[in-house]
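What follows is a set of notes on a single structure, which appears directly below.
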Amino acid sequence: MDIAAAMDRAVEASYAAMGVSSPNPPVGAVILAADGTVAGVGATQPPGGPHAEVMALRAAGDAARGGTAIVTLEPCNHTGRTGPCTQALIKAGIADVHYAVSDPNPVAAGGADTLRAAGIRVTGGVAADIVENGPLRPWLTRQRLGRPMVTAKIAAGIDGRIAAPDGTSQWITGPAARDHAHAQRSRLDAIVVGTGTALADNPTLTARTADGGLYPHQPARVVLGHRDVPADANLRGDTGGPLAQVDSHDPADVLAALPDALWVLVEGGPHILGAFFAADLVDEVHAYVAPMVLGAGRSSVEIPGVTTLGDARRFETREVTTLGNDVLVTLARTVRPSAQV
């Protein structure tokens, strides 16, 4: 396997760590034996557990000696809950290391220099753009801004309506779009809704598989607003992630209540979404658009004080994906998370 293909495999492995590794970065690693075959693949484990390089080295065993390590993030160079990955790579006899993104954390940085000093050939920046805008993006956002990456989720008809005038909203999008949204939930740290949505829709905010089961990782559920969630509400069930109530209407208070979160999804309602947009706290938009026109009812986003086109919040289109009869439009800020690290 060549280095580019191995990095693709490492990126794929890192998706399994999203949500699980927080507040540590979700890293993927591949070990190629000296003959170029895949000897081991690993991803970062929950906090206190092994990092991706150690997991991949364990899988590779003796085949790692004289081989090559491909990692999505520069190997760490410090001792925290676990030892430095640089020393694990040196001890295993790795001859070459290729990584995508340099570690912006000054506490953990310097791994490349340590490896080179030990006689290991090191190459950085391999597929950096793919990794920066993939699984590492939420962690890089926190490193840059000191807060989690915030994604606004919208599910609406092509006229931007999320519910009919009588309040009915199930289902605007089809099964494929809903399955995709639940798979995304399984990689999140937290989902945020307002008290209006919590009381009107009585959601569970769990991450469910296509057959109705639960994904192994469940994000925390956060309700923003002054009204209490009733004792018999679905959000108080024990099948999802922990429930937190933030007695405020300020989005910044939500993010402050999630000090370890890397990726937060804001699902609604329209006033909560509007508050996050107004506060300039939205890094990404997932817009699930159904081929439907309601013509009346609730809009997807309500931002107070907007009076002219110049008040619009603009993003760049990152990706357009067909999901059954629906379309997912992914929008993102034009500045990459690592650009200002």
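Start at 1 with the first residue, then count along the sequence. Keep in mind that this is a model prediction, so the values were computed, not measured.
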### Task
Would you check if the side chain of R142 reaches a backbone N or O of W263 as a donor-acceptor pair within less than 3.5 Å?
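Not confirmed, R142 side chain does not pair with W263 backbone.
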### Query
Can you check whether D311's main-chain N or O pairs, donor with acceptor, with R313's side chain at less than 3.5 Å?
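Pair found, side chain donor or acceptor close to backbone of D311.
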### Message
Test side chain to side chain contact (heavy atoms under 4.5 Å, CB included) on Q184 and L265; report intermediate values, then the result.
### Response
CA-CA 9 Å; Q184 290 291 77; L265 183 75; over 6 Å; no
### Task
Please round to the nearest 0.5 Å and tell me the distance separating atom CD1 of I154 and atom CD1 of I172.
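CD1 of I172 is found 11.5 Å from CD1 of I154.
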Pair [X], [Y]: side-chain N/O donor-acceptor within cut-off below 3.5 Å:
| X | Y | result |
| --- | --- | --- |
| D189 | S22 | yes |
| D211 | T209 | yes |
| N77 | T114 | yes |

hydrophobic_cluster_shared for [Y] and [X], side chain cutoff 4.5 Å:
| X | Y | answer |
| --- | --- | --- |
| L205 | L243 | yes |
| Y15 | L140 | yes |
| V327 | L323 | no |
| I70 | V38 | yes |

### Query
With a 4.5 Å heavy-atom cut-off, do M7 and T72 have their side chains touching?
yes
### Query
Between V266 and V282, is a side chain to side chain contact (heavy atoms under 4.5 Å, CB included) present by the stated rule, with each step listed?
CA-CA 9 Å; V266 183; V282 176; over 6 Å; no
### Message
Does atom CZ (R9) have a neighbourhood of more than 12 heavy atoms from anything else shown, all under 6.0 Å?
### Response
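Incorrect, the count does not exceed 12.
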### Message
So for atom CD1, which belongs to I3, do other residues, nucleotides or ligands contribute more than 12 heavy atoms lying within a distance under 6.0 Å?
### Response
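Counting neighbours around CD1 of I3, more than 12 heavy atoms of other residues, nucleotides or ligands fall under 6.0 Å, so yes.
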### Task
Flag the pair R147 and D283 as a salt bridge only when some basic side-chain nitrogen lies within less than 4.0 angstrom of an acidic carboxylate oxygen.
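So R147 pairs with D283 through a salt bridge.
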### Message
For E284, is there an ion pair with R137 - N to carboxylate O distance below 4.0 angstrom?
### Response
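Yes, R137 and E284 are salt-bridged.
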### Query
Where do V193 and I272 land on the side chain to side chain contact (heavy atoms under 4.5 Å, CB included) test, with the steps shown first?
CA-CA 7 Å; V193 296; I272 296 299; over 6 Å; no
